Amino acid sequence: MLVVAAGGGEGQGAQGEAKGRAHGGEDTPAAAGPGRARLVAGPETPHAAPPMSDASPPSPSSAPVDPELLAGLVGATPTLSPLETLRHSTAHVMAMAVQTLFPGTKVTIGPSIDTGFYYDFDRPTPFSEDDLRAIEAEMAKIVAADLPFERHERDRAEVRAMFERMGEAYKLELIDSFPPDATVSYYTTGDWLDLCRGPHVARTAEIGAFKLLSVAGAYWRGDERNAQLQHIYGTAFATQAELDAHLALLEEAKRRDHRRIGKDLDLFSIDEVIGGGLVLWHPKGARVRHVIETFWREEHFAHGYELVGSPHVAREELWNTSGHTTFYKENMYAGMDVDGQQYLVKPMNCPFHCTMFKKGLRSYRELPHRWAELGTVYRYERSGVMHGLLRVRGFTQDDAHLFMTREQLPVELERVVEFCLHILRTFGFTDFKLYLATRPKDYVGAPEMWQVAEAALHAVLVKSGLPFEVDPGGGAFYGPKIDLKLKDCLGREWQCSTVQVDFNLPERFDLSYVGADGAKHRIVMVHRALLGSIERFFAVLTEHYAGAFPVWLAPVQARVIAIGDRQEAYVEEVAGLLRQAGFRVDTHTGGDKLGAKIRQAQLEKIPFMLVCGDKEVAARAVAARARDGSQLPVMSIEAFVDHLRAAAAIPRGGAASVA
RNA sequence: GCUGGCGUAGCUCAACCGGUAGAGCACCUGACUUGUAAUCAGGAGGUCGCGGGUUCGAGUCCCACCGCCAGCUCCA
């Protein structure tokens, strides 16, 4: 029943939080910046309930590399794929070109990455776009010279002395981080050399097609307390055709950018006067959102959930109880004084649901409770990280909290994952990859409970038949979790869904139930979000469909078009009938030529255009054109209603969408 | 937040070395009454992101600020 996802992909859409240690707590107070409206930074790992794993910009996903592991590799040549080797060699050629053209520039590191390579340089003046072209030209010369890559191994002191003479301070720092007895290698390319453990292609002529794409600041070793370097990013492939294909993919991604489409189709906007990361939903976007949310609510009722609601603010005491004022301070906005009481804007919904659960004595007979809410939350994000709808400061989570006995956990987890896949498939996604994050070093809760939960999560993953990876120690301090990433039509991965077991809040809120034995037992709690946030999911949907939403989601499903003024009354009548039948329909009458009316509807990506001329009026029919340019036979209004009804049916569970 | 780039009409963009802001689309009006991706003509529309400064004169140069875009440990 479960579809197995394919491998590969671009690896976009992961985000810091996907790593389990939610990002907020890692910000130092000093780094917090002038977010005046916030509380003072706090130390620990944030709670990150149904973690807003949503709002992340497309960014490469990767596992952190353990420094000790790295140290163990020193001297040894790592295994790289042919493409990785080629890219790494291209990075060397770029560094050589840079040091040739810009003497005095210091080199740092230049690895291959999923989509190409980069090299970070230390140079007082920044590189310009023109510099990139000059560097490319110089690289071409090096490739044409067909210089050999030669590996040299020397003892550390010797190599160190060499780089010291060269004034390559960063290389010295790297060498000093190696174990004392390590053999250190470097590679030469002609008369240029670079500390490197390899491997490389044999000769520069083996380097294929490459292109330098951008230059930006990057911190030495990724730490913003370190010097900022110049990061030149490029990509390389074995053949020009592959490079062209990659560049075409980048163009396609640009064409599908939800910020572009959001503007073109008048779906949403973000206004600087309102504030960064705060979204205005225009009528068309709000209409799509309404369809998403209506479907979401109906499905939740159908799957044993109840909908609940909670306010946007609560007294500070609530957040003290939940612990947010300690471990989530970083991401919370400063409160407001109400009658002498401090109120804080909610960054999460869970404390409300927990409070609700405590109303009354709970029996095992009534469990589990599955309480869902489209809850709008606000979280501080640093100004540089906002990105369209993908990373915002105010967003609506499709949140739910499940309160249960520990015995119910395995079954409930399985139900949640199945439900999640059902929802995502309905929206047209078919490729998924799951990640299980297990107990970290610092954690709360009983080890045996972790064991039970991790085993249950693992069983769900296996049963799903979907590809998954385990991230040992990647769970939140309060419980293990499954993150689900979906792949869009360009193969990019996006994290939306998350299912997290929480051993923390039931303790903090003292959530319990009376068991069959008459005694009180601790509740087991699960947080989950399926779409993640409505904003982020909407962005992913928009990019996946390039704005041509499936009929059931399209803001306007059909436009009735009059060829001339004579059909205007008929057009309004047809539109009225379709609206009465429950469809989203508008009209286009007036002086434009038919071609112009068609063109406009095409640009708006409206699924059906119903052309009405004198012939259609006489026959009480419509001539429908689909947005793919195909022509439906002229049919009666009633026949078209049937056609549209079929086309607009919600493809529950993932039937192919029509038109 | 940091580094770099950018910010001109609703949108996409022009404006040489500083000389007093322009086009297309969209919008409004009129004409046209049209058969499947742009009919024609006219009109209106801009504190050139904001605030200072230099200059006889600033969209253009300088400073500060705001915003947007890209990047910010896939590791010698």
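No experiment lies behind these values; they were computed from the predicted model shown. Each chain gets a letter, A, B and so on, in the order the sequences are listed, and its residues count up from 1.
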With a cut-off of less than 4.0 Å, is there a side-chain N or O of A:His231 near OP1 or OP2 of B:U73? no

Tell which nucleotide pairs with B:G35, taking only Watson-Crick or G-U wobble pairs whose two distances are both under 3.5 angstrom. none

State whether a side-chain donor-acceptor pair under 3.5 Å links A:Tyr233 with A:Thr115. yes

Name the pairing partner of B:U29, where a pair is Watson-Crick or G-U wobble with both distances under 3.5 Å, or state none. B:A41

Re B:A9: Watson-Crick or G-U wobble partner, both distances kept under 3.5 Å, found to be none

For B:C2, which nucleotide is its Watson-Crick or G-U wobble mate, given both distances must be under 3.5 Å? B:G71

Less than 4.0 Å between a side-chain N and a carboxylate O, is that true for A:Glu469 and A:Lys485? no

Indicate, with a heavy-atom threshold strictly under 4.0 Å, whether A:Gly275 touches base, sugar-phosphate, or nothing. nothing

Roughly how many Å apart are B:U60 and B:A41, using the P atom of each and rounding to a whole number? 36 Å

Determine whether a donor-acceptor pair (one donor, one acceptor, N or O, separation below 3.5 Å) exists between the side chain of A:Glu616 and the base of B:G35. yes

Specify the separation, in whole Å, of atom CG of A:Leu267 and atom C1' of B:G10. 16 Å

On a plain distance test, is the side chain of A:Asp223 in donor-acceptor contact with the base of B:U73 below 3.5 Å? no

What is the distance, rounded to the nearest whole Å, between atom CD1 of A:Ile598 and atom C1' of B:U34? 12 Å

Do any side-chain nitrogens or oxygens of A:Arg625 fall under 4.0 Å of OP1 or OP2 in B:A37? yes

Sticking with atom P, work out how far B:A37 lies from B:C28, rounded to a whole angstrom. 24 Å

May I ask you to decide whether A:Arg255 forms a salt bridge with A:Glu252, counting only side-chain N to carboxylate O separations under 4.0 Å? yes

Could you please name the option among B:A38, B:G35, B:A70 that lies closest to any side-chain atom of A:Arg599? B:A38

Classify the nucleic acid contact of A:Gly595 as base, sugar-phosphate or nothing, counting any heavy atom under 4.0 Å across all strands shown. sugar-phosphate

Rounded interatomic separation in angstrom, taking CG from A:Leu594 and P from B:U36: 6 Å

Under 4.0 Å between a side-chain nitrogen and a carboxylate oxygen: does that hold for A:Glu173 and A:Lys106? no

Given B:G4, B:C75, B:C2, which nucleotide is nearest the side-chain atoms of A:Pro126? B:G4

Sort out the partner of B:A64 for me: Watson-Crick or G-U wobble, both distances under 3.5 Å, none otherwise. none

How many angstroms lie between NZ in A:Lys171 and CG in A:Leu193, if you round to the nearest 0.5 Å? 9.5 Å

For a 4.5 angstrom cut-off between non-hydrogen side-chain atoms, does A:Leu147 reach A:Trp192? no

Are A:Arg260 and B:C11 close enough that a side-chain N or O sits under 4.0 Å from OP1 or OP2? no

Salt bridge between A:Glu381 and A:Arg379, side-chain N to carboxylate O under 4.0 Å? no

Whole angstroms only, please: what is the CG-P distance between A:Leu610 and B:U36? 16 Å

Which is true for A:Lys171 with a 4.0 Å heavy-atom rule: it touches a base, it touches only sugar-phosphate, or it touches nothing? sugar-phosphate

Here the distance between atom P of B:A37 and atom CD of A:Gln631, to the nearest Å, is 10 Å

Check every atom of B:G35, B:C75, B:U3 against the side chain of A:Ile109 and return the nucleotide holding the closest atom. B:C75

Spacing of the C1' atoms in B:C50 and B:C65 (rounded, Å): 7 Å

Within the structure provided, determine whether A:Leu86 and A:Phe210 are in side-chain contact (heavy-atom separation under 4.5 Å). no

Spacing between A:Phe127 atom CZ and B:U3 atom P, to the nearest angstrom: 17 Å

For the side chain of A:Gln602, counting heavy atoms from C-beta on, which of B:A37, B:U34, B:A70 is nearest? B:A37

Nearest-nucleotide wise, let me know which of A:Met386 and A:Gly629 is further upstream toward the 5' end of RNA chain B. A:Gly629

From OH of A:Tyr118 over to P of B:U73, roughly how many Å is that when rounded to an integer? 8 Å

When rounded to the nearest Å, what value does the distance between C1' atoms of B:U12 and B:C16 take? 23 Å

Give none if B:C17 has no partner; otherwise give the nucleotide forming a Watson-Crick or G-U wobble pair with it, both distances under 3.5 Å. none

Take atom C1' in B:U34 and the same atom in B:C68, then report the distance between them in whole Å. 43 Å

Across all strands shown, which nucleotide pairs with B:C50 by Watson-Crick or G-U wobble geometry, both distances under 3.5 Å? none

From the candidates B:U34, B:A70, B:C66, the one with an atom nearest any side-chain atom of A:His387 is B:A70

Selection from B:G35, B:C72, B:C75 that lies nearest to any side-chain heavy atom of A:Arg221: B:C75

Should the pair A:Arg221-A:Asp223 be classified as a salt bridge under the 4.0 Å nitrogen-to-oxygen rule? no

Provide the distance between the two C1' atoms, one in B:G59 and one in B:G18, to the nearest whole Å. 10 Å

Looking across every strand, which nucleic acid part, if any, lies under 4.0 Å from A:Asp264 by heavy atom: base, sugar-phosphate, or nothing? nothing

Within the structure, does a side-chain N or O atom of A:Arg259 lie under 4.0 Å from either OP1 or OP2 of B:A70? yes

Separation of B:U34 C1' from A:Asp592 CG (nearest whole Å): 10 Å

Give a yes/no on whether any side-chain N or O of A:Lys263 is located under 4.0 angstrom from OP1 or OP2 of B:U12. yes

Looking at the side chain of A:Tyr219, which of B:C72, B:U36, B:G71 is the nearest nucleotide? B:C72

To the nearest 0.5 Å, what is the distance between CD on A:Gln631 and CZ on A:Arg625? 7.0 Å

Quick one: label A:Ala623 by what it contacts on the DNA or RNA (base, sugar-phosphate, nothing), any heavy atom closer than 4.0 Å. base

Between B:G46 and B:C27, how far apart are the C1' atoms? Round to whole Å, please. 15 Å

The reported gap from NE2 in A:His258 to CD1 in A:Ile261 (rounded to nearest 0.5 angstrom) is 9.5 Å

Identify which nucleotide among B:C72, B:U33, B:G35 has an atom closest to any side-chain atom of A:Asp565, counting heavy atoms from C-beta outward. B:U33

Validation row: A:Phe395, A:Val279 side chains within 4.5 angstrom (heavy atoms): no

Using a cut-off of strictly less than 4.0 Å between a heavy atom of the residue and any atom of RNA chain B, enumerate the qualifying residues of residues 86-98 of chain A by number. none

In whole Å, measure the gap between the P atoms of B:C17 and B:U73 for me. 38 Å

Does a nitrogen or oxygen in the side chain of A:Arg382 sit under 4.0 Å from OP1 or OP2 of B:C72? no

Students often get this wrong, so: under 4.0 angstrom with heavy atoms, is A:Val215 touching a base, only sugar-phosphate, or nothing? nothing

